[in-house]
Amino acid sequence: MDAITTVDARGLAPVRGKARIDVLDILRGLAILGILFINVPYMAAPVAVFNADVRAIGWTLPDRIAWSANYLLWSGTQRAVLQFLFGAAVLILARKAMEPDGPVAVSDLYYRRNLWLLVFGCIDAVLLFWPGDILHIYAIAALFLFPFRRVSPKLLLAMGMVWPLMFAIGIPDYGAREYVQRTQLVHEVSHAVADQHAGRALTRDEDRALADWRRTLQLLDRPVERAEAAAAERAAHSGSAAAYAKHYWLAWRDLVQEWLVWSVIEAVCAMMIGMALWKWGVIQGQRSKRFYLTTLALAYGIGFTCRGIGLSEVLAFGVGPRTIWITGEGARLAIGLGHVALINYAVQTRLGEAILRPFKATGRVAFSLYFLQQFIGMWVLFAPWGLNLWGRFGWAQMTAIACAMVAVEVMLANLWLRRFANGPLEWLWRSLAYGRPMPMRRTDGGHAASEAKLASIPSRIA
């Protein structure tokens, strides 16, 4: 066999033992919980206001620390980890169809599973009113991945880097193209302002530069548009249930119209990187501690350096060029890879495994927890018929709310798995995909036998 086949045979064999399954569960659970820190502000605060200026909903020292920490650690990076895991899950599910004469039933199951995931995503957006749903995006992206299951990891990685390259160039927006244009505009405006202060007549190019600068400021500020959006949000949260539902349905529609194609491209590329990481044995814990430490240092070094520079640019609150327009996607993936390396290193140590042990349960019921997050946020805490806490908190307080929700979800997940083999929505999703009821209650009295049963079902990702 060639090297790729050897890696596949090792990496896609039926799971034996706990370590490899556990690290996937821990990664998935932590990623689902980490997403809360980014999602809660979009549930709890006036989005139009803080999209215009993050300082508008609170900018005390704790707020600045909370916002900066979320920007550096969580923004997009947990999505990257989930995308890597989803790519790995393609190969876990497809392991019996790796050969050309593999059973057609596996591909049938794969597409049924993801079509049902698309349905669940639409339910999340329509019934739970969550416009930021990622399930429908991942479901659509996954429909393109199955034919690539036999592609070499190097080629998968190369294809996965297409989106970061597009992002860096400036497709669909910003990137190096906008960076160069904005840099040149700032330079021209600086000269024009200097000439004005010196009392010199402006050239035609300087007049044009100042006019372009004013248009840029207007496009970035958009006071009328943002005021209308803020008013619509306030009306939705102070009016009827129908107005609340309509507001978030329209928000989801607008996001789908503007970003669905680009979001699917991002997901497909990141999932291909996840497939490559699986084939190399990286994501499932088959490499050495030294490998993970080296990967952690390189990935975090690159990712946090780019993000740190970007953070300083954002906190300047200017309209000049920003390097994060070029490096943003690469930094997101790098930090996501760093998270993968950190967790894989930690579970190979006694202390790390003990600290991370409670998060195994959250990974096994991650699908259910994701819906629970939306229900608590959109139906209980911040809904006009619930506690109606919308618009009352700054960044530090919303981070505290996310921490409290994380604690509750970790507790619920561990309690639930004492009696059940998987989460309620995991059970429903698998039953729909397989066309028959799957086992739900635990009959073993312990985790080990339950894990062995679950390992025989090729649907380890939520």
Quick one: salt bridge (Lys or Arg N to Asp or Glu O under 4.0 Å) partners of [X], sequence neighbours excluded?
{"X": "R357", "value": "E353"}
{"X": "R215", "value": "D212"}
{"X": "E178", "value": "R182"}

Shortest non-hydrogen separation from [X] to [Y] and the atoms involved:
{"X": "A366", "Y": "I32", "result": "CB-CG1, 3.6 Å"}
{"X": "G336", "Y": "A80", "result": "CA-CB, 4.3 Å"}
{"X": "F148", "Y": "L156", "result": "O-CD2, 4.0 Å"}
{"X": "I283", "Y": "A88", "result": "CG2-CB, 4.0 Å"}
{"X": "G308", "Y": "L72", "result": "N-CD2, 4.0 Å"}
{"X": "Q284", "Y": "L277", "result": "OE1-O, 3.9 Å"}

Just verifying a value: how many Å separate [X] [atom1] and [Y] [atom2], rounded to the nearest 0.5 Å?
{"X": "L417", "Y": "K360", "atom1": "CG", "atom2": "NZ", "result": "11.0 Å"}
{"X": "L33", "Y": "Q78", "atom1": "CG", "atom2": "CD", "result": "9.0 Å"}
{"X": "L118", "Y": "Y111", "atom1": "CG", "atom2": "OH", "result": "14.0 Å"}
{"X": "I302", "Y": "T305", "atom1": "CD1", "atom2": "OG1", "result": "8.0 Å"}
{"X": "Y370", "Y": "L128", "atom1": "OH", "atom2": "CG", "result": "10.0 Å"}
{"X": "S263", "Y": "Y138", "atom1": "OG", "atom2": "OH", "result": "9.5 Å"}

If you define the side chain from C-beta out and look only at heavy atoms, does anything of [X] sit under 4.5 Å from [Y]?
{"X": "W213", "Y": "V319", "value": "yes"}
{"X": "E426", "Y": "S368", "value": "yes"}
{"X": "L372", "Y": "L412", "value": "yes"}
{"X": "L30", "Y": "L356", "value": "yes"}
{"X": "V408", "Y": "M405", "value": "no"}
{"X": "D22", "Y": "V347", "value": "no"}
{"X": "L157", "Y": "W280", "value": "yes"}
{"X": "L145", "Y": "Y110", "value": "yes"}

R287 charged N/C atom sitting above Y292 aromatic ring, 6.0 Å / 45°: no
Test: R307 cationic atom under 6.0 Å from Y71 six-membered ring centre, within 45° of axis: yes
Where the side chain of [X] meets the backbone of [Y], is there a donor-acceptor pair that is under 3.5 Å apart?
{"X": "T349", "Y": "A346", "answer": "yes"}
{"X": "Q286", "Y": "V282", "answer": "no"}
{"X": "E228", "Y": "E225", "answer": "no"}
{"X": "Y434", "Y": "R113", "answer": "no"}
{"X": "R441", "Y": "F420", "answer": "no"}
{"X": "D53", "Y": "V49", "answer": "no"}
{"X": "W416", "Y": "N422", "answer": "yes"}
{"X": "N414", "Y": "A361", "answer": "no"}
{"X": "W130", "Y": "G377", "answer": "no"}

L91 and R149: CA distance, side-chain angles, deciding distance, side-chain contact (heavy atoms from CB on, under 4.5 Å) verdict: CA-CA 6 Å; L91 298 181; R149 65 192 184 279; 3.8 Å; yes
Parallel, tilted or perpendicular: ring planes of F367 versus F371, cut at 30 and 60 degrees: perpendicular
Centroid-centroid distance, W278 to F84, less than 6.0 Å: no
Qualifying salt bridge (Lys or Arg N to Asp or Glu O under 4.0 Å) pairs with a residue from residues 323-336, counting only residues at least two apart or across chains: E266-R332, E329-R332
Pair listing, salt bridge (Lys or Arg N to Asp or Glu O under 4.0 Å) test, anchored in residues 365-383, at least two apart: none
Pairs touching residues 318-355 that satisfy ring-ring contact (aromatic ring centres under 6.0 Å, His included), sequence neighbours left out: Y174-W325, Y300-H339
Residues I309, I324; criterion side-chain contact (heavy atoms from CB on, under 4.5 Å); working and verdict: CA-CA 7 Å; I309 295 171; I324 202 68; over 6 Å; no
side-chain contact (heavy atoms from CB on, under 4.5 Å) partners for L73, two or more places apart: F304
Any residue meeting side-chain contact (heavy atoms from CB on, under 4.5 Å) with L428, in chain and number order, not counting sequence neighbours: F120, L425, L432
Set of ring pair (Phe, Tyr, Trp, His ring centres under 6.0 Å) partners for W74, sequence neighbours left out: F37
Results of ring pair (Phe, Tyr, Trp, His ring centres under 6.0 Å) for Y244 - residues two or more places apart only: F129, H237, Y248, W385
Side chain to side chain donor-acceptor pair (under 3.5 Å) between T399 and N70, intermediate numbers included: CA-CA 8 Å; T399 298; N70 289 337; 3.2 Å; yes
Please tabulate, for the side chains in residues 249-261, all donor-acceptor contacts under 3.5 angstrom to protein atoms that are two or more places apart in sequence or on a different chain.
from, atom 1, to, atom 2, distance (Å)
W249, NE1, V126, O, 2.7

side-chain contact (heavy atoms from CB on, under 4.5 Å) between M159 and M161, worked out: CA-CA 5 Å; M159 291 189 293; M161 293 304 294; over 6 Å; no
Derivation of the side chain to side chain donor-acceptor pair (under 3.5 Å) call for T362 and E409: CA-CA 7 Å; T362 62; E409 289 202 316; over 6 Å; no
Candidate pair C306 and T323, rule side-chain contact (heavy atoms from CB on, under 4.5 Å), full reasoning: CA-CA 8 Å; C306 293; T323 59; over 6 Å; no
Pairs where residues 58-67 contributes a residue and the test side-chain hydrogen bond (donor to acceptor under 3.5 Å, both in side chains) is met, not counting sequence neighbours: T60-D63
